[in-house]
Trainee: 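Structure in C-alpha cells, see below.
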Amino acid sequence: MIVEKRVWKIIYEYIKYTSYNFFTISESRDDIWLYSREQQTLKRIILSKQTAQSTLFMVQKIMDHHDEIETTLGNPINHYELILIGQEVQLNEMPMNIKITSCTDAKTLSQALYTPFKAITNKTKPQSIAWYQKRIINQNQIDTAMIKFAPITYILILLNIMSFIFMSVWQITHKVDTIVEKGGLTHFNFVHGDYYRLISSIFMHFDFQHLLFNMMSLFILGKLVEFLFSKWQYVLIYIGGGIVGNLVSLTFDTQSISVGASGAICALLGALFAYLMFSGKFEKKFILQVIVFSIIYLAMSALFANVNNYAHFGGLFGGLCIAILMYLFQQKNRFAKWLLCAFIILNVLLLFNIFSEEEHHIYNEYALKAIEDGRDQYAQDILNETVKKGYENDETYVYLGLLKSKEESLSNGITLWKKGLKAFPNSDKLNYQMALAMRALDDYESADKYLKKAIEHNKKQEYETLQKEIKEFR
C-alpha cells in the first residue's frame, strides 16, 4: 500500500524535474492529468481503485474523445499512459498509443514517474499533502515555472559566476588588469576582429552588485522562459538576443565598454512579450506580473553606473524578433521567411554602420589615464600590450616616447617618436611632438620642419602658437 502523502510528493517531484505539467484533476482529486509538450504524452494518475472493466472503459473513453482532449489541451497527443496507484490491473490487446502501468508500491511508482535530477538536487523535507496539492494544481504559469528545475538557467548563472571569479583573479597573473583585456566589448576591439567579445561580454560584470542584480533577474526570467520555450529556443533567445543588443550598442556608442548579462536578460523579456502575443493565453495575473517585472527591472538597472540602455533595448528587440520567428516557423506562416530576411538585413546594416564609424582607441585612453594618475609603469605595460597586439597608432608612440623621455632620456623618447613617424609619416601628433623635442634641443630648424608638416595635416591653434614662438627664437 502506498501512503497518499508519498504519492503526492512523487507527483510533485515528477512535475518539478521533468517536462510534464499539470493539466487537470477530477473533483475528488483521485485522477490527475499531466502533459508533456516535448513528449506529446498525456499521463493520468489514478488513485481510486479500478477493475479491469472500469480501466477498459477509461481506455475506450480516451479513444472516443481524443480530438476533444487535444482541442482542450491545445497541443497534439501521440501517447497516453494510465498509472494505477496501489493496484495491479492487466489488459490484453491495448491500442498502440495507450499504456497501462500498475504501481503496487512506492518503488514501482517512483520507477513509473522517474525523475533524473532528483537524486542530485532534491534535499527538501517532506511537506503536507495540502502543500503538494497547492503547488501541483496551481494554474499560474509564473508560479509553476518557479517550481520547475531549470538546468539551462542554472548553467548560465554558474557560467556568469565562474566568469566573475576568473575576472577577480586575473590581476594575479596579468600586468594589465582592465575590463577590456578580460573580454569586455568595445567598438575598437570589435572592428579589429575580436568578434568573440559579442558573447564573452555577456558573461562579464563590473562588480559584485552588478552580478548579483543580473543573476537574480536571470533566475526569475530564465526559469519562466525555460518553462515556456524549449531548451534550444531558450539558449538561442538568450545568446542571440544578447548579441543583437551588443550590435545595437556598438552602433550608437563607439566609446563605452559593454559588459553584463542585462542585454541577454532583456532578450528574455522580449521573448515573454512574444509569448503573450502568440500563445492566446491572456491570463490577467500573468500579463500584469510580466509587465510589472519588466518596469521594475529596467528601472532598477538604470540605477547602476555606466548603464548601457542601447544594449537593453537592443536585447529586448532581438529577443522579441527571435521568439516571433520561432512561432511563425512553427506555424509554417508564409511571412516567416520574409521576417527572417528583414531581421538578417537589419543586422547587416548594423554591422555596416559599426565598421563605418570612426574607431575610438580604448587602449590609448587607458594609458593616458594612467599617466595622468602618475602610474607610469602601468601605462607602459598597457602600451606594450597595445604594440604586442598590433593595435598601436600614432598616439601610442606619442605616449611611449613621453614615458621614455621621463624615465630615461629625451634622446630615447625621440628614437621612439621617429620610429612612430616611419609607420605614420603624416601624423600631426608625432610631428608636433618631434617639434617640441627639437625646440628643447635648440634645433629650431628641425623643429620648424616638423611643425610645418603637423600644421599641413591639422591646423590646431597650439601648433600655430608654437610656430610663432619658434620664429621669434630663430
Side-chain angles (χ1 to χ4, degrees), residues 8-9 11-25 32-39 41 43 73-75 113 115-118 120-122 124 127 131-158 160 213-239 241 261 264-297 316 319-320 322-323 326-327 330:
W8 283 99
K9 184 177 186 293
I11 296 173
Y12 168 77
E13 291 168 348
Y14 191 65
I15 292 174
K16 179 178 181 180
Y17 293 108
T18 69
S19 61
Y20 282 86
N21 297 304
F22 172 79
F23 173 39
T24 188
I25 190 171
I32 305 109
W33 296 42
L34 307 180
Y35 175 74
S36 169
R37 185 176 56 204
E38 294 178 11
Q39 304 293 330
T41 299
K43 293 192 177 187
L73 185 62
N75 287 289
L113 301 177
T115 53
F117 298 105
K118 174 187 169 184
I120 303 174
T121 63
N122 187 31
T124 58
Q127 304 290 338
W131 189 92
Y132 290 120
Q133 289 179 341
K134 180 181 179 181
R135 282 152 182 79
I136 291 171
I137 301 172
N138 180 25
Q139 295 285 353
N140 182 265
Q141 295 182 88
I142 292 181
D143 293 339
T144 303
M146 293 303 104
I147 292 172
K148 285 285 189 179
F149 178 71
I152 303 299
T153 297
Y154 302 149
I155 290 171
L156 289 174
I157 291 174
L158 180 62
N160 277 278
F213 174 73
N214 275 338
M215 292 307 98
M216 290 173 61
S217 303
L218 176 57
F219 179 80
I220 297 171
L221 286 174
K223 294 194 76 170
L224 184 54
V225 172
E226 190 168 351
F227 170 67
L228 297 174
F229 294 81
S230 69
K231 290 188 170 36
W232 73 265
Q233 288 177 327
Y234 172 30
V235 172
L236 182 58
I237 290 167
Y238 186 85
I239 301 298
I265 292 171
C266 285
L268 301 183
L269 279 175
L272 289 179
F273 290 131
Y275 174 82
L276 293 176
M277 292 166 57
F278 286 90
S279 67
K281 299 176 182 178
F282 301 105
E283 182 187 340
K284 290 183 180 180
K285 183 179 179 182
F286 177 73
I287 295 173
L288 182 62
Q289 287 174 322
V290 171
I291 293 175
V292 169
F293 183 86
S294 302
I295 294 172
I296 292 174
Y297 176 77
L316 185 71
L320 178 67
I322 293 171
M326 289 174 178
Y327 277 113
Q330 282 178 346

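Computed over heavy atoms, backbone and side chain alike; hydrogens, waters and symmetry mates excluded.
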Trainee: Of the non-hydrogen atoms in Leu316 and Leu269, which two are nearest, and what is the gap between them?
Mentor: CD1-CB, 3.7 Å
Trainee: Could you walk me through whether Thr41 and Tyr20 pass the side chain to side chain contact (heavy atoms under 4.5 Å, CB included) check?
Mentor: CA-CA 9 Å; Thr41 299; Tyr20 282 86; 3.3 Å; yes
Trainee: Any idea which heavy atoms bring Gly222 and Tyr234 closest together, and the distance?
Mentor: CA-OH, 3.2 Å
Trainee: Specify the closest pair of heavy atoms between Ile147 and Lys16, including all atoms of both residues, with the distance to one decimal.
Mentor: O-CG, 3.2 Å
Trainee: Nearest 0.5 Å please: distance from the CG atom of Leu156 over to the CG atom of Leu268.
Mentor: 8.5 Å
Trainee: Test your reading of the model: is there a side-chain donor-acceptor pair from Lys223 to the backbone of Leu218, 3.5 Å cut-off?
Mentor: no
Trainee: Test side chain to side chain contact (heavy atoms under 4.5 Å, CB included) on Glu13 and Leu113 and set out the steps.
Mentor: CA-CA 9 Å; Glu13 291 168 348; Leu113 301 177; over 6 Å; no
Trainee: Between Leu73 and Phe23, is the side chain to side chain contact (heavy atoms under 4.5 Å, CB included) condition met? List the steps.
Mentor: CA-CA 8 Å; Leu73 185 62; Phe23 173 39; 3.5 Å; yes
Trainee: Which distance, rounded to the nearest 0.5 Å, do you find between the CD1 of Ile137 and the CD1 of Ile32?
Mentor: 7.5 Å
Trainee: For Leu272, which of Leu320, Leu228, Ile237 qualifies under side chain to side chain contact (heavy atoms under 4.5 Å, CB included)?
Mentor: Leu228
Trainee: Dump the intermediate steps for side-chain hydrogen bond (donor to acceptor under 3.5 Å, both in side chains) on Ser19 and Ser36, then the final yes or no.
Mentor: CA-CA 5 Å; Ser19 61; Ser36 169; 2.7 Å; yes
Trainee: Taking all atoms of both residues into account, what is the closest heavy-atom pair of Ala267 and Gly241, and its distance?
Mentor: CB-CA, 3.5 Å
Trainee: Could you tell me whether the side chain of Arg37 reaches within less than 4.5 Å of the side chain of Asn21, counting heavy atoms only?
Mentor: no
Trainee: Can you measure from CG (Leu224) to CE (Met146) and round to the nearest 0.5 angstrom?
Mentor: 5.5 Å
Trainee: Between Tyr17 and Phe149, what is the ring plane arrangement, given parallel below 30°, perpendicular above 60°, and tilted in between?
Mentor: tilted
Trainee: Rounded at 0.5 Å granularity, tell me how far OH in Tyr154 sits from CZ in Phe219.
Mentor: 5.0 Å
Trainee: Could you tell me the separation between the CG atom of Asp143 and the CZ atom of Phe227, rounded to the nearest 0.5 Å?
Mentor: 10.5 Å
Trainee: Taking it one step at a time, do Met277 and Tyr327 satisfy side chain to side chain contact (heavy atoms under 4.5 Å, CB included)?
Mentor: CA-CA 10 Å; Met277 292 166 57; Tyr327 277 113; over 6 Å; no
Trainee: When rounded to the nearest 0.5 angstrom, what distance separates CH2 in Trp8 from CD1 in Ile136?
Mentor: 5.5 Å
Trainee: Quick one: does Tyr132's side chain have a donor or acceptor within less than 3.5 Å of a partner on Gln127's backbone?
Mentor: yes
Trainee: Kindly give the heavy-atom pair with the smallest separation between Asn160 and Tyr238, and that separation in Å.
Mentor: ND2-OH, 3.9 Å
Trainee: Taking the side chain as everything from C-beta on, heavy atoms only, tell me whether Gln141 gets closer than 4.5 Å to Tyr275.
Mentor: yes
Trainee: Within the 4.5 Å heavy-atom criterion, are Leu236 and Met326 side-chain neighbours or not?
Mentor: yes
Trainee: Under the salt bridge (charged side-chain N to carboxylate O under 4.0 Å, His left out) test, which residues partner Lys231, sequence neighbours left out?
Mentor: Glu226
